Structure formats: structure tokens, C-alpha cells
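Treat the numbers as computed from the prediction; the structure is a model and nothing was measured. Residue numbers run from 1 in the order of the sequence given.
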Amino acid sequence: QVQLVESGGGLVQAGGSLRLSCAASGRTFGVYAMGWFRQAPGQEREFVAAISWSADSIYYADSVKGRFTISRDNAKNTVYLQMNSLKPEDTAVYYCSVRPGVLVPLTEREYFYWGQGTQVTVSS
């Protein structure tokens with residue numbers, strides 16, 4: 001079994017920054033892609049960013065491009081999401097996810113493992 005634990009969420013004013021972390025532990029499976037998704041109240045979970053094992057493939061949702069940066073440290077089995085210039089519409093629960101293998105999916109149904117989420121609230 002794989003466990004994913006997110007951290008780094010909180011309350012921040014618009015224009016501020018937060019850095020989310022997600023550490024994977026448990027069963028190992030070689031190379032894997034990692035992704036971040038978010039879900040705002042009353043809305044469906046949506047893709048935010050994803051990164052391949054070697055970090056040579058990185059993808060962002062248009063809504064966060066230029067403001068968010070995804071990165072990973074494979075020695076620590078950890079993925080990060082640096083969020084700058086935060087807006088009230090970025091308020092959501094943020095989830096990290098893992099997909100074993102070399103594919104880097106952009107849809108949630110293609111990810112196998114999920115964390116429990118961390119709340120990000122951006123005040124105006």
C-alpha cells in the first residue's frame with residue numbers, strides 16, 4: 001500500500017505564496033508520475049499540475065501557469081507545489097496523486113493513489 005501525506009496548506013492573503021509538499025511512503029514501484037489536483041466547495045476536482053519521474057515532462061492547468069511551479073525530489077519521494085501570486089479562486093483542498101510508470105496523466109481517473117488533501121484558503 002502507498003501512503004501520500006500532504007502538508008503546507010493554510011490561510012494566506014491574495015498575492016501571497018504557499019509551498020505544498022507531498023511525501024510518498026510504503027510500497028515502492030520504480031518510476032512514477034506525481035500530480036496535484038484541487039477541489040473547491042461545490043465543484044469537481046480539477047487538474048493543477050503534473051510531473052514525470054525525471055522531471056522532463058511538466059504540465060500545468062492554464063489557470064495556474066506562470067504562478068505555480070511543481071518539482072520533485074526522488075531521493076525523498078516528495079513532490080512540491082510552489083504557489084505564488086495566489087488568488088481567492090485558488091481556494092480549495094489540494095490533493096497529490098501518484099501514477100506508477102512513465103505516463104504523466106492529466107485526468108484524475110488515471111492516478112492510482114491519493115493523499116487526504118490539504119486546505120488552501122486565499123483571502124481577498
Side-chain angles (χ1 to χ4, degrees):
Q1 190 69 356
V2 174
Q3 292 81 42
L4 300 175
V5 179
E6 301 100 335
S7 60
L11 173 64
V12 64
Q13 288 188 334
S17 298
L18 284 174
R19 188 193 194 205
L20 305 183
S21 300
C22 174
S25 63
R27 174 175 169 259
T28 58
F29 28 62
V31 302
Y32 54 93
M34 299 189 82
W36 285 99
F37 290 75
R38 67 186 182 186
Q39 187 169 21
Q43 298 186 22
E44 294 186 351
R45 192 152 53 181
E46 65 175 3
F47 169 76
V48 175
I51 186 169
S52 63
W53 170 260
S54 59
D56 57 353
S57 296
I58 291 177
Y59 304 94
Y60 296 100
D62 288 342
S63 58
V64 307
K65 206 170 291 185
R67 300 187 299 120
F68 291 10
T69 302
I70 188 172
S71 61
R72 65 188 294 166
D73 183 340
N74 291 336
K76 297 181 179 179
N77 293 322
T78 300
V79 65
Y80 305 96
L81 186 67
Q82 177 66 44
M83 305 186 295
N84 299 328
S85 302
L86 283 161
K87 304 175 181 180
E89 51 263 45
D90 294 318
T91 295
V93 177
Y94 284 70
Y95 299 89
C96 73
S97 55
V98 163
R99 159 72 185 241
V102 298
L103 293 178
V104 187
L106 307 186
T107 57
E108 63 172 307
R109 68 177 182 272
E110 296 182 85
Y111 282 86
F112 293 4
Y113 305 101
W114 292 85
Q116 78 281 15
T118 185
Q119 177 70 47
V120 171
T121 303
V122 184
S123 63
S124 58

Within one Ile-Leu-Val-Met-Phe-Trp-Tyr cluster: Val102 and Val98, side-chain cutoff 4.5 Å
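Result: yes, single cluster for both.
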Give a yes or no on whether Leu106 and Phe112 share a hydrophobic cluster (residues Ile, Leu, Val, Met, Phe, Trp, Tyr; joining criterion: side-chain heavy atoms under 4.5 Å apart).
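They do not share one cluster, since no chain of ILVMFWY contacts under 4.5 Å joins Leu106 to Phe112.
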Indicate the atoms forming the closest heavy-atom contact of [X] with [Y], along with that distance.
X      : Y      : value
Ser124 : Ala14  : CA-CB, 4.4 Å
Val93  : Gly117 : CG1-CA, 3.8 Å
Pro105 : Ala33  : CD-CB, 4.4 Å
Ile70  : Val79  : CG1-CG2, 3.8 Å
Asn84  : Ser17  : OD1-OG, 2.9 Å
Ala50  : Val104 : CB-CG1, 3.6 Å

Between the side chain of [X] and the main-chain N/O of [Y], is any donor-acceptor distance below 3.5 Å?
X      : Y     : answer
Thr121 : Leu11 : no
Arg72  : Ser52 : yes
Thr78  : Lys76 : yes

To the nearest 0.5 Å, how far apart are [atom1] in [X] and [atom2] in [Y]?
X      : Y      : atom1 : atom2 : answer
Glu6   : Gln119 : CD    : CD    : 12.0 Å
Ile58  : Ser71  : CD1   : OG    : 8.0 Å
Met34  : Leu4   : CE    : CG    : 6.0 Å
Leu20  : Met83  : CG    : CE    : 3.5 Å
Cys96  : Trp114 : SG    : CH2   : 9.0 Å
Glu108 : Arg99  : CD    : CZ    : 14.0 Å

Please identify each residue that fulfils salt bridge (charged side-chain N to carboxylate O under 4.0 Å, His left out) with Arg67, with sequence neighbours left out.
Asp90
Output all residues satisfying salt bridge (charged side-chain N to carboxylate O under 4.0 Å, His left out) with Asp56, sequence neighbours left out; order by chain, then residue number.
none
Stepwise side-chain contact (heavy atoms from CB on, under 4.5 Å) test for Val48 and Leu81
CA-CA 10 Å; Val48 175; Leu81 186 67; 4.1 Å; yes
For Val5 and Gln116: C-alpha separation, side-chain torsions, deciding distance, then whether side-chain contact (heavy atoms from CB on, under 4.5 Å) applies.
CA-CA 7 Å; Val5 179; Gln116 78 281 15; 4.2 Å; yes
Can you tell me which residue pairs pass the ring-ring contact (aromatic ring centres under 6.0 Å, His included) test with a partner in residues 44-96, sequence neighbours excluded?
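Output for this query lists Tyr32-Trp53, Phe37-Phe47.
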Yes or no on side-chain contact (heavy atoms from CB on, under 4.5 Å) for Arg38 and Ser63, after CA distance, side-chain angles and deciding distance?
CA-CA 12 Å; Arg38 67 186 182 186; Ser63 58; 3.4 Å; yes
